Amino acid sequence: MRLRTVVVTVGLLAPLALFSQSQSSRPRVLMIGVNGMEWDILRPLLLQGKLPNLAKIIQNGTYGKLQTVSAPNCPRVYSTLFTSTRPEEHGITGFLIGGVTANTHMLKEEPFWSILSKKGVTVGMANVPATFPVMPVNGYMVSGMLTRGKNCEDGVMCAPKLSEVEGGDAVYPKSLQPELMSKVGDFYIDCERMPGADELAGHETEVIHKWLSKVQVIRDQQTQLFDYLLKTHPTDFTWMVQSCEDRTGHWLYPIAPFNSGYNAKISTVEPNAFPNQYVALDKVLGSILQHVDGNTYVFIVSDHGIKPLREFEDTDPHAHMDHEKTTPVIAKHDFADGDEVPGSFIAMGPGIKRDQRLMGLAASVYDIAPTVLHLYGIEPPKQMRGRVLDEIFVEREHKSGQQ
Ligand SMILES: [Zn+2]
């Protein structure tokens, strides 16, 4: 019933007419990636009613933790999501590989969007990490984290604008780039780089506020981009990713004075900065849900969670890996000791169980690609290590969700 409520709401809006003309009879899958989505932070916000759109998806779907790979970071996990193979197999083991920023030329296994494209499924992707330079698809692709450009030469954790991209294409097909420049504007492709310790020293409050307002600018641009693409370039499979949540959590996680890395000058300025990222994300979800109809699956997939630093971090030689650079980091996900940082998974759509919680870590990042392929009736290729998440569907014997 609740799903119907969403549909009715959406049905009142004019843009939906665009879809009914251009959509095939295939199911639509709208996958929303949120980097470092952390249930510990989401739960109190959900209880306070501050995430109405996320709550709606959870109540109408199946939700839980998503087991990730060891020492997870975005390129490492995203490439596993792409291929359902181990990092050592797909080749993207981290941000840097042999000193070079991870890029799509290094991807050694076939991503599932290529398989979808070959089978005639239309694919649209925007701001998905580790997709630079973009690869051809049966649709469009706008790259995300690890895009290189002016003032962001190595592409690691910085934010080039579309016009500033260097060293490869950030948009496929090429003709889409001028269109986006004119219709959406010159947007930032990735989230803002975290400030360094030197930059912060003595200017903490000012730097934090400036950084957070830039993050909001970037999120607003992304919302506009997603809205434009969903409205004017609808595809069967669509994947859009936000990465500012994780970035904020790394250095502004709400921690107590006894936590490792606590610095009153930073930690007391905006203690709600990280939770507020999810409140802002919820608004983005609201905008995206305008494009959801009764034939659409909504998947929210997070590559990993994020937790405050634990004991011994200051002396651990693996404590601060390539992710954080010089930022005073107080939370992370690539704990060298295998500490628990699972991601999250929420699915809603035709034939998906409602208000069902997945217990334990039964679902993993390896399972996303096979499950998406399955929805389109495509057998996952042999190299894929994951499985179809049968338990999220009302009937195990479902075929493609088109009924
Ligand atoms: Zn991170």
Side-chain angles (χ1 to χ4, degrees), residues 32-42 65-81 87 92-97 101-102 127-132 144-147 152 154-159 188-197 211-212 214-215 218-219 222 241-255 259-261 266 273-278 280-281 300-310 313 316 318-345 365:
I32 303 152
V34 186
N35 287 352
M37 193 154 96
E38 176 51 57
W39 283 109
D40 286 354
I41 302 292
L42 293 182
K65 290 182 178 175
L66 191 65
Q67 188 173 28
T68 188
V69 301
S70 64
N73 58 49
C74 294
R76 185 173 165 89
V77 186
Y78 268 89
S79 301
T80 301
L81 289 165
I92 311 297
T93 50
F95 284 89
L96 302 173
I97 293 139
T101 305
N127 293 159
V128 179
T131 55
F132 179 81
M145 186 193 289
L146 299 188
T147 299
C152 183
D154 65 356
V156 179
M157 313 302 284
C158 34
Y188 287 100
I189 285 193
D190 186 17
C191 196
E192 179 73 344
R193 190 196 291 271
M194 296 182 283
W211 192 85
L212 287 171
K214 179 81 175 284
V215 161
I218 293 171
R219 181 175 280 110
Q222 260 186 330
V241 178
Q242 295 249 301
S243 60
C244 284
E245 293 78 5
D246 176 73
R247 204 73 57 88
T248 308
H250 274 291
W251 69 291
L252 296 173
Y253 204 100
I255 60 170
N259 277 104
S260 183
I266 296 173
F274 185 41
N276 284 346
Q277 292 299 306
Y278 295 114
L281 163 73
I300 299 180
V301 175
S302 179
D303 49 348
H304 50 68
I306 182 164
K307 306 277 191 194
L309 298 184
R310 311 289 166 80
E313 284 293 326
D316 181 349
H318 303 287
H320 301 290
M321 300 207 276
D322 50 7
H323 197 148
E324 296 92 1
K325 298 211 162 182
T326 63
T327 312
V329 160
I330 54 172
K332 64 176 201 171
H333 36 79
D334 46 354
F335 291 98
D337 64 358
D339 207 345
E340 187 190 341
V341 279
S344 41
F345 176 67
V365 290

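The structure presented is a predicted model; accordingly, all values stated were derived computationally and were not measured. Start at 1 and go down the list; that is how both ligands and their atoms are numbered.
- We find that Glu245 and Arg219 are joined by a salt bridge, their nearest charged nitrogen and carboxylate oxygen being less than 4.0 Å apart.
- Between the Zn ion (ligand 1) and the N, O or S atoms of His250, the shortest distance is to NE2.
- Closest approach between the Zn ion (ligand 1) and any N/O/S atom of Asp246 involves OD2.
- Screening Val77, Leu146, Val241 for a side chain to side chain contact (heavy atoms under 4.5 Å, CB included) with Pro129, the sole residue that qualifies is Val241.
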Q | side chain to side chain contact (heavy atoms under 4.5 Å, CB included) evaluation trace for Val365 with Asp303 | A | CA-CA 7 Å; Val365 290; Asp303 49 348; 5.6 Å; no
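- Coordination check, Asp334 versus the Zn ion (ligand 1): failed, since every N/O/S atom of the residue sits at 2.8 Å or beyond.
- Among Leu42, Ile41, Thr248, Leu252, the one residue that satisfies the side chain to side chain contact (heavy atoms under 4.5 Å, CB included) test with Pro275 is Ile41.
- Using a cut-off of 2.8 Å, one finds that His333 contributes an N/O/S atom close to the Zn ion (ligand 1).
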